[in-house]
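Right, one structure below, let's go through it.
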Amino acid sequence: MTHTYESDLLRLLDERGHLHQITDAAALDSLAKKQVVTGYVGFDPTASSLHIGNLASIMLLKRLQQAGHRPIVIMGGGTAKVGDPSGKDETRQLLTEERLASNIQGIKGSFERILRFDDSETGALLINNDDWLSKLGYVEMLRDVGPHFTINRMLTFDSVKTRLDREQPLSFLEFNYMIMQAYDYLVLARDYDCRLQLGGSDQWGNIVNGIELNRRIDSREVYGFTAPLITRADGAKMGKSVDGAIWLNEDALPAYDFWQYWRNTDDRDVGKFLRLFTDLPLDEIARLEKLEGAEINDAKAILANEVTTMVRGAKAAEAAEATAKETFAGGGAGENLPTIAVGAEGMRVGAVLTELGFTASNGEAKRKLAEGAVRLEGEAVSDPGFVIAPSPGQTLKLSMGKKKHGLVTH
């Protein structure tokens with residue numbers, strides 16, 4: 001490592017691979033060394049579950065708490081009403097109050113598993129920015145905050161420039177997002193003595209705005225920290241698979257599929273992901289990432305178990321691993337596999353593949369059948385008209401490729 005930090009906080013973030021940029025590293029290092037620092041990350045509740053792209057940001061808060069500081073989770077109940085243009089090519093759809101409230105309810109569990117919420121000095125807090133944003137008067141907001149933002153400067157931010165360069169519409173609503181986010185930092189600094197905002201590197205512009213607003217209005221020094229956007233060795237963005245997002249909530253993605261995603265990590269990413277997403281000691285990670293051939297699979301199973309335990313709990317990790325062992329080793333069918341009951345008349349194989357979530361449409365199912373990727377009880381099936389009809393009490397195992405397995409019952 002090129003840096004030599006004195007605080008446990010920056011050392012931990014650096015050696016685990018979380019560090020991309022810091023606004024004033026020396027000052028933050030010195031502050032974190034001498035006192036408990038309160039830091040926050042914002043999450044817009046645009047869905048009822050977070051996905052593993054968000055896990056990288058949750059880990060920033062976990063590391064903050066591990067190093068003896070206080071994390072704040074900001075639920076963007078207010079900002080989500082507007083939509084963040086960062087990293088987006090098009091305008092986000094606006095969500096109703098009811099939908100936002102229900103999404104926040106769905107997301108809370110992930111934080112409660114990963115962070116420690118208590119009344120101690122370093123206990124995590126969960127706060128909704130709608131509490132202050134929706135109470136703001138428009139004229140008051142313009143007068144207090146408006147003078148500190150120039151349109152010239154706002155036009156230089158990547159999130160704005162990208163949309164304008166492509167001649168895509170950027171609504172006035174979204175243009176206000178960065179002002180609202182900066183205002184969040186002002187409120188948190190005033191009410192909670194919050195001195196640090198953390199986020200992915202795409203949030204740098206928004207974070208800098210908040211730092212400048214604190215300086216201009218309250219003459220308060222606050223700091224910003226960004227983590228690198230995590231990409232896989234194959235160049236794909238972390239958190240997406242061929243089949244869509246890898247959700248943190250069980251009701252959005254079964255534990256077996258979650259576990260399997262980590263188990264299928266590229267050999268080249270094992271060390272990086274172990275550092276970022278687990279608490280395993282660094283020397284143990286160094287040993288695991290050097291494994292080669294079939295042995296690297298042991299390291300991947302450890303990664304899958306560690307992350308699944310953290311996000312879903314130990315029981316879910318154990319069940320997922322047991323299912324995987326049974327499915328792959330014995331050719332049997334583990335009980336945690338997705339299951340579909342088809343009734344006495346049975347169901348066409350293409351429809352079953354789509355029902356199980358293996359294919360997105362009947363067209364894709366036909367292609368997979370034609371490619372020879374589908375097997376029923378180990379025997380290849382290629383005819384899209386083939387009807388799967390288990391007898392009463394019978395369970396048949398349907399597989400697509402090496403990684404997707406489901407059960408068909410009567």
Side-chain angles (χ1 to χ4, degrees), residues 9-10 13 19-32 35 37-44 57 60-61 64 69-72 74 76 78-80 82-88 127 129 131-133 135-164 170 172-229:
L9 174 63
L10 291 190
L13 287 166
L19 193 158
H20 181 63
Q21 282 176 292
I22 310 178
T23 52
D24 185 343
L28 178 59
D29 195 30
S30 163
L31 185 72
Q35 69 175 69
V37 173
T38 298
Y40 83 100
V41 177
F43 299 84
D44 278 349
S57 297
L60 295 177
L61 291 174
L64 187 73
H69 302 281
R70 181 168 69 154
I72 296 182
I74 288 293
T79 33
V82 170
D84 181 4
S86 304
K88 292 280 168 289
I127 305 168
N129 66 10
D131 294 350
W132 55 83
L133 289 176
K135 293 188 181 81
L136 273 175
Y138 187 59
V139 174
E140 161 201 4
M141 177 77 165
L142 286 178
R143 276 178 60 110
D144 294 350
V145 180
H148 303 289
F149 284 85
T150 68
I151 298 292
N152 323 42
R153 178 79 198 285
M154 290 165 85
L155 289 173
T156 66
F157 287 110
D158 287 343
S159 57
V160 174
K161 260 169 48 183
T162 308
R163 292 272 277 275
L164 296 180
L170 176 74
F172 180 67
L173 188 71
E174 289 174 293
F175 201 52
N176 274 271
Y177 183 91
M178 55 182 91
I179 297 177
M180 291 166 73
Q181 195 173 326
Y183 188 77
D184 282 350
Y185 204 167
L186 187 71
V187 171
L188 290 168
R190 285 174 174 176
D191 295 356
Y192 297 91
D193 192 27
C194 181
R195 304 286 298 275
L196 177 62
Q197 184 183 355
L198 308 101
S201 59
D202 60 336
Q203 291 299 315
W204 181 253
N206 287 330
I207 291 172
V208 168
N209 275 330
I211 290 170
E212 289 180 356
L213 194 64
N214 270 289
R215 194 178 292 149
R216 287 182 184 144
I217 294 185
D218 288 350
S219 304
R220 186 188 277 107
E221 280 303 315
V222 295
Y223 307 96
F225 177 102
T226 61
L229 281 183

Interatomic distance, [X] atom [atom1] to [Y] atom [atom2] [nearest 0.5 angstrom]:
X: F43; Y: L61; atom1: CZ; atom2: CG; answer: 5.5 Å
X: I74; Y: I72; atom1: CD1; atom2: CD1; answer: 6.0 Å
X: L186; Y: H148; atom1: CG; atom2: NE2; answer: 9.0 Å
X: Q197; Y: F225; atom1: CD; atom2: CZ; answer: 12.5 Å
X: H20; Y: D202; atom1: NE2; atom2: CG; answer: 10.0 Å

Sub-4.5 Å side-chain heavy-atom contact between [X] and [Y]:
X: V160; Y: M178; answer: yes
X: W204; Y: T23; answer: yes
X: I22; Y: L10; answer: yes
X: W132; Y: D191; answer: no
X: I179; Y: M141; answer: yes
X: R153; Y: V208; answer: yes

Considering non-hydrogen atoms only, spot the tightest contact between [X] and [Y] and give its length.
X: Y192; Y: I127; answer: CZ-CD1, 3.4 Å
X: T79; Y: G76; answer: OG1-CA, 3.3 Å
X: F149; Y: M154; answer: CB-SD, 4.0 Å
X: G224; Y: I211; answer: N-CD1, 3.4 Å
X: I207; Y: Y185; answer: O-CD1, 4.5 Å
X: S201; Y: L229; answer: OG-CG, 3.3 Å

Practice task
Please lay out, stage by stage, how D44 and Y177 fare under the test side-chain hydrogen bond (donor to acceptor under 3.5 Å, both in side chains).
Solution key: CA-CA 12 Å; D44 278 349; Y177 183 91; 2.9 Å; yes
Practice task
Classify the side-chain pair D193/T38 by whether it contains a donor and acceptor separated by less than 3.5 Å.
Solution key: no
Completion exercise
E221 meets the side-chain hydrogen bond (donor to acceptor under 3.5 Å, both in side chains) criterion, sequence neighbours left out, with R215
Say whether, by atom type as modelled, one donor and one acceptor occur between the side chain of [X] and the main chain of [Y] under 3.5 angstrom.
X: H69; Y: V37; value: yes
X: N214; Y: R220; value: no
X: Y183; Y: V145; value: no

Exercise for the section: Show your working on side chain to side chain contact (heavy atoms under 4.5 Å, CB included) between L64 and L60 and close with a plain yes or no. Expected result: CA-CA 6 Å; L64 187 73; L60 295 177; over 6 Å; no
